[in-house]
Amino acid sequence: MKTVYMCFSTDILHSGHTAIVRRAAEQGQLIMGALTDEAIASYKRFPLISLEERVRLYESLAGVSRVVIQHTLSYREIIETLKPDVIVHGDDWRTGVQSGVREEVIRLLSAYGGELKEFPYTHSATEDALTSLDERMNMPEMRRARLKRLLALKPCLSVMEAHNGLTGLIAENARAQVGGEVRQFDAMWVSSLCDSTVKGKPDIELVDLTSRIHTLEEIMEVTTKPIILDGDTGGLTEHFVYNLRTLERLGISAIIIEDKTGLKKNSLFGTEAQQVQAPVEAFCEKIRAGKIAQRSRDFMIFARCESLILNQGMDDALTRCDAYVRAGADGIMIHSCQKTPDEVYAFLERFREIHPATPVVVVPTTYNGATEEELAAHGVNIVIHANHLLRSAFPAMRKTAELTLLHGRTKEAEPLCLSIKDILTLIPTDE
Ligand code: SPV
Ligand code: MG
């Protein structure tokens, strides 16, 4: 009897699923793969029920002989260990994010004479209900909780900055195929530098919370991914406790506040800008007050340490971060403006001795040679790419303006521009 393999990621079974299981079981002895949460979250929404429950659900299906766990979107490991004679899939994966996975399956099967059988994908009314569920992913409760869940699921999250609806859509929808995997960003960072710069203002806490909320609303309107807000210093503790509840209610997942006092300037100035670090106890008090004030269990406060930026030394960074965690911070951000990640790695080595599991955030703008994989191997849990969508757009915009002036027309700037056809269809209408 032939061995047949198919993989499921669904948490709600409908008639389309059972039809394909029936057809798969007709081919031989059917082994069902259950895709892990992590693999599912890498290309679509978070599963509503746990992996264990999904396994039990699939086991109960007529025709399924046993269920195995598939850890990646790629079928490589499964094919190499099970060597199935037939792999079954709906024909819907010929296009879209899974098309590369499909090509790899065909290649691996052909090496030993295995066969891919694709059956027409049948749409069902349940599917429409699931689509509307996807749309509800941007509701505040669902969005806010997702960052904590992702942190529990993945060793290291990749976060891209967004500063308006359009960049939010780019951060939401960007995908890259790497081998048999599909990569996407886990969350968005709403940077004070970008939010200020895009408004033509300096990054000195001049853009007020009302205005920052406008930016957040614009992004949240069109996206579903969790949001980490750059909260600058967090302002006065007396104001912070109110403001963070507003953010929580909006569905923001986390705020990062930095241990500076007085007029805040951007950290990438290094010691060029006169900056004063907040006294440890005062900053701890802000964290403590924030943790008491928050209403939901899943909102997170990250404490950002500027000791390395301000040349205060490793011991100071460690003492401060330890105190911030003890004050209740859900995680820390260790900032550095060195060209290499060495001091961040040195910090992590010692910090991990005292706080092995506390989430650590880094912003590798100046040490951008370090990959997420390398940073993760040193114990980083969140990598924020803090300003890159704005910085990449600006040179093209300025060049377009200059070329238009130079030539008295826009023809020469056209290669820098999205085509009219593309801009018209970039944002589709609902119907
Ligand atoms: C920001 O993006 O506004 C930040 C990170 O605070 S940095 O610019 O590196 O200070
Ligand atoms: Mg900032």
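Nothing fancy with the numbering, it's 1 onward along the sequence. Atom set for the values below is all heavy atoms of this structure, side chains included, hydrogens, waters and symmetry mates excluded.
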Quiz item: Has E77 got more than 12 heavy atoms of other residues, nucleotides or ligands less than 6.0 Å from its CD?
Solution: no
Quiz item: Just checking, is any N or O donor in the side chain of E104 or S74 under 3.5 Å from an acceptor N or O on the other one?
Solution: yes
Exercise. Check the side chains of K199 and T215 for a donor-acceptor pair under 3.5 angstrom, ignoring hydrogens and angles.
Key: yes
Quiz item: Which pairs, with at least one residue in residues 164-193 and sequence neighbours excluded, count as a ring-ring contact (aromatic ring centres under 6.0 Å, His included)?
Solution: none
Self-check item: C194 SG to D230 CG distance, which is reported to the nearest 0.5 Å
Solution: 9.0 Å
Quiz item: Between T223 and R143, is any side-chain donor less than 3.5 angstrom from a side-chain acceptor?
Solution: yes
Quiz item: Salt-bridged, E118 to R94, with N to O below 4.0 Å?
Solution: yes
Quiz item: Shortest non-hydrogen contact from T10 to Y58?
Solution: O-OH, 2.5 Å
Self-check item: Donor-acceptor under 3.5 Å (R304 side chain, F302 main chain)
Solution: no
Practice problem: Decide side chain to side chain contact (heavy atoms under 4.5 Å, CB included) for H335 and V363; before the verdict, give the C-alpha distance in whole Å, the side-chain angles of both, and the deciding distance to 0.1 Å. | Solution: CA-CA 6 Å; H335 207 8; V363 178; 3.7 Å; yes
Self-check item: ring-ring contact (aromatic ring centres under 6.0 Å, His included) contacts touching residues 238-288 (sequence neighbours left out)
Solution: F283-Y324
Quiz item: Judged by modelled atom types alone, do N387 and S191 share a side-chain donor-acceptor pair under 3.5 Å?
Solution: no
Quiz item: Does a donor on one side chain and an acceptor on the other come within less than 3.5 Å for E306 and S267?
Solution: yes
Quiz item: Strictly by modelled atom types, are S158 and D186 linked by a side-chain donor-acceptor pair under 3.5 Å?
Solution: no
Quiz item: Hey, are E205 and T233 close enough side-chain-wise for a donor-acceptor pair under 3.5 Å?
Solution: yes
Quiz item: So D259 and Q277, side chain to side chain donor-acceptor pair (under 3.5 Å) or not? Walk me through it.
Solution: CA-CA 6 Å; D259 57 359; Q277 247 176 319; 3.1 Å; yes
Self-check item: Heavy-atom pair with the smallest gap, counting every atom of A187 and K225
Solution: CA-CB, 4.4 Å
Exercise. Indicate whether the side chain of E372 and that of H385 have a donor and an acceptor atom separated by less than 3.5 Å.
Key: yes
Quiz prompt | Plane angle bin for H378 and Y345 - parallel if under 30°, tilted between 30 and 60°, otherwise perpendicular | solution = parallel
Quiz prompt | Separation of R212 CZ from D195 CG (nearest 0.5 Å) | solution = 4.5 Å
Quiz item: Under 4.5 Å between any side-chain heavy atoms of M32 and R66, yes or no?
Solution: no
